[in-house]
Amino acid sequence: MKLRPLHDRVIVKRVEQETKTASGIFIPDNAAEKPDQGEVLAVGPGKRDDKGELSPMSVKVGDRVLFGKYAGQTVKVDGDELMVMREDDLMAVIEK
């Protein structure tokens, strides 16, 4: 199944965090916090302003982004857990 987000929404897949600390201690899955980083899988066309003009999205497919702990809605698609959120919920793009 493919998802095509509407308006200013983006589809993000969480990026898995390390399960081992810098000192070598392993963190069990049930004790680890959900990561607040992800990869953008799909973007909507953008948001319309008061004049009805489409303002383009500032993120693109493949970008690695930061988002808030409670941002977006979690959905399951083909066994994968994805996040659907507004572009406003994104805090930053991680550049390498």
Side-chain angles (χ1 to χ4, degrees):
M1 173 180 6
K2 286 191 165 196
L3 291 178
R4 183 175 51 93
L6 302 175
H7 309 292
D8 66 333
R9 289 187 173 73
V10 295
I11 309 278
V12 176
K13 182 173 184 176
R14 288 184 192 267
V15 177
E16 296 300 321
Q17 286 185 321
E18 294 291 324
T19 57
K20 186 168 88 169
T21 66
S23 60
I25 298 172
F26 284 94
I27 303 170
D29 288 339
N30 60 353
E33 289 187 22
K34 289 189 175 184
D36 55 357
Q37 296 182 28
E39 180 182 352
V40 176
L41 299 180
V43 297
K47 192 174 187 178
R48 296 210 177 263
D49 61 14
D50 295 335
K51 297 178 184 175
E53 296 176 10
L54 196 65
S55 35
M57 301 285 276
S58 58
V59 295
K60 61 185 181 305
V61 173
D63 281 349
R64 194 164 178 162
V65 294
L66 289 176
F67 50 87
K69 190 173 187 175
Y70 301 107
Q73 296 291 319
T74 303
V75 294
K76 282 206 173 212
V77 177
D78 296 333
D80 290 330
E81 191 173 287
L82 306 176
M83 304 282 297
V84 179
M85 60 185 74
R86 292 185 176 274
E87 185 182 29
D88 293 343
D89 293 337
L90 300 176
M91 295 187 290
V93 175
I94 301 171
E95 296 180 354
K96 294 183 181 185

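Since we're looking at a predicted model, the values are computed, not measured.
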Exercise. To the nearest 0.5 Å, how far apart are NE2 in H7 and CG in L54?
Worked result: 10.5 Å
Seminar exercise, completed: Output for pair (M91 CE, Q37 CD), nearest 0.5 Å, gives 9.5 Å
Heavy-atom pair with the smallest gap, counting every atom of [X] and [Y]:
X	Y	answer
F67	L90	CB-CD2, 4.2 Å
L6	P45	C-CD, 4.3 Å
P5	V43	CG-C, 3.5 Å

Problem set entry | V15-I94 co-clustered via ILVMFWY side chain contacts under 4.5 Å | no
Exercise. If you group Ile, Leu, Val, Met, Phe, Trp and Tyr by side-chain heavy-atom gaps below 4.5 Å, do M85 and V93 land in one group?
Worked result: yes
Problem set entry | Partner of K13 by side-chain contact (heavy atoms from CB on, under 4.5 Å), out of V40, V77, L41 | L41
For this session: List for me each residue that meets side chain to side chain donor-acceptor pair (under 3.5 Å) alongside R48, sequence neighbours excluded, and say none if there are none.
Result: none
Problem set entry | Lys/Arg N to Asp/Glu carboxylate O, K60 vs D63, below 4.0 Å | yes
For this session: For residues D88 and K47, determine if any side-chain heavy atom of one lies less than 4.5 Å from a side-chain heavy atom of the other.
Result: yes
Exercise. Any side-chain heavy atom of K76 within less than 4.5 Å of one from E81?
Worked result: yes
For this session: Ignoring hydrogens and angles, tell me if any N or O in the side chain of E87 forms a donor-acceptor pair with the backbone of M57 under 3.5 Å.
Result: no
